[in-house]
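Take this structure, written in structure tokens, and hold onto it; I'll ask about it next.
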Amino acid sequence: MKDLFLIGTISSTHGLLGAFKLKHNFRKADEIYNYDQVYIFGYEEPFSIERVILRKNSIFLKVKGIDDIDCAEKLINLAVYVDEYLSNEEEERFHESELKGLKVALESGEEVGVVVDIMEGPSQDVLVIEWEGQSAMIPFVKTFVLEMDFDKGKMVIQPIEGLIPWL
């Protein structure tokens with residue numbers, strides 16, 4: 001099976017014609033417009049998106065083949081995926097699933113942790129890393145994150161003194 005990116009879960013039905021609410025992982029709800037099909041956990045074939053309704057930061061989807069509320073109810077709590085994560089952002093952005101699990105190392109090569117979470121901040125995202133039961137937060141900016149190698153599953157950082165307590 002090909003690699004898929006998790007974009008959210010189906011949280012409820014919407015109307016009587018098979019639409020559903022997507023509890024999404026996007027930074028901005030309008031990123032759903034980058035896709036014309038989605039995969040739903042347990043189904044091998046993708047579903048074509050027929051209609052998207054945005055309300056504030058909520059996404060409601062109607063997909064081809066789910067045509068009534070009974071069918072939509074069976075999908076509640078199922079994960080929704082896409083082939084490739086596409087962002088509307090001009091700057092280089094990464095999907096949460098690409099970052100979680102990356103090993104974190106210093107320029108010297110010394111491993112100092114693993115990315116376990118990404119928190120959205122007002123001016124930049126923050127990486128949460130863990131090492132031997134301790135955790136630290138690193139601003140996800142070029143000043144601290146020097147390099148990312150997804151093939152090797154690793155990122156190189158340059159922390160300032162005191163940023164990572166166990167160093």
*Side chains of Pro159 and Leu167: closer than 4.5 Å at any heavy-atom pair?*
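Result yes, sub-4.5 Å side-chain heavy-atom pair found.
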_Quick one, Asp117 and Lys100 - any side-chain contact, counting heavy atoms below 4.5 Å?_
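Touching, per the 4.5 Å side-chain cut-off.
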*Taking the side chain from Trp166 and the backbone from Val112, do they hold a donor-acceptor pair closer than 3.5 Å?*
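Yes, the answer is positive, given that a donor and an acceptor are paired below the 3.5 Å cut-off.
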_Working to the nearest 0.5 angstrom, can you tell me the gap between Tyr81 OH and Ile40 CD1?_
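CD1 of Ile40 is found 11.5 Å from OH of Tyr81.
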*In Å, rounded to the nearest 0.5 Å, how long is the span from OG1 of Thr9 to CG of Leu22?*
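Here the interatomic distance stands at 7.0 Å.
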_Please evaluate residues Asp125 and Leu99 with respect to the criterion side chain to side chain contact (heavy atoms under 4.5 Å, CB included), reporting the C-alpha separation (whole Å), side-chain torsions for both, the decisive distance (0.1 Å), and the verdict._
CA-CA 12 Å; Asp125 291 343; Leu99 299 170; over 6 Å; no
*SB check Lys62 Glu50 (cutoff 4.0 Å)*: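 Counted as a salt bridge, because a side-chain N and a carboxylate O are separated by less than 4.0 Å.
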_Heavy-atom side-chain contact between Ile157 and Leu163 under 4.5 Å_ =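 Answer no - side chains too far apart.
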*Report the C-alpha separation of Leu61 and Phe47 in whole Å, then their side-chain angles, then the decisive distance to 0.1 Å, and conclude whether the side chain to side chain contact (heavy atoms under 4.5 Å, CB included) test is met.*
CA-CA 11 Å; Leu61 288 181; Phe47 290 87; over 6 Å; no
*At what distance, to the nearest 0.5 angstrom, does CD of Glu31 lie from CD1 of Ile7?*
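Rounded to the nearest 0.5 Å, the CD-CD1 separation comes to 10.0 Å.
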*Is the number of heavy atoms from other residues, nucleotides or ligands under 6.0 Å of Phe41 CZ greater than 12?*
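Check fails, neighbour count at 12 or below.
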*asked:* For the CD1 atom of Ile59 and the CG atom of Leu54, what is their distance to the nearest 0.5 Å?
replied: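 Those atoms lie 6.0 Å apart.
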*Do Asn57 side-chain atoms and Ala29 backbone N/O form a donor-acceptor pair below 3.5 Å?*
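Between the backbone of Ala29 and the side chain of Asn57 there is a qualifying donor-acceptor contact (under 3.5 Å).
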_Consider side-chain contact (heavy atoms from CB on, under 4.5 Å). Of Val80, Asp83, Val82, which one does Tyr39 pass it with?_
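So, applying the side-chain contact (heavy atoms from CB on, under 4.5 Å) to Tyr39 and each of Val80, Asp83, Val82, only Asp83 qualifies.
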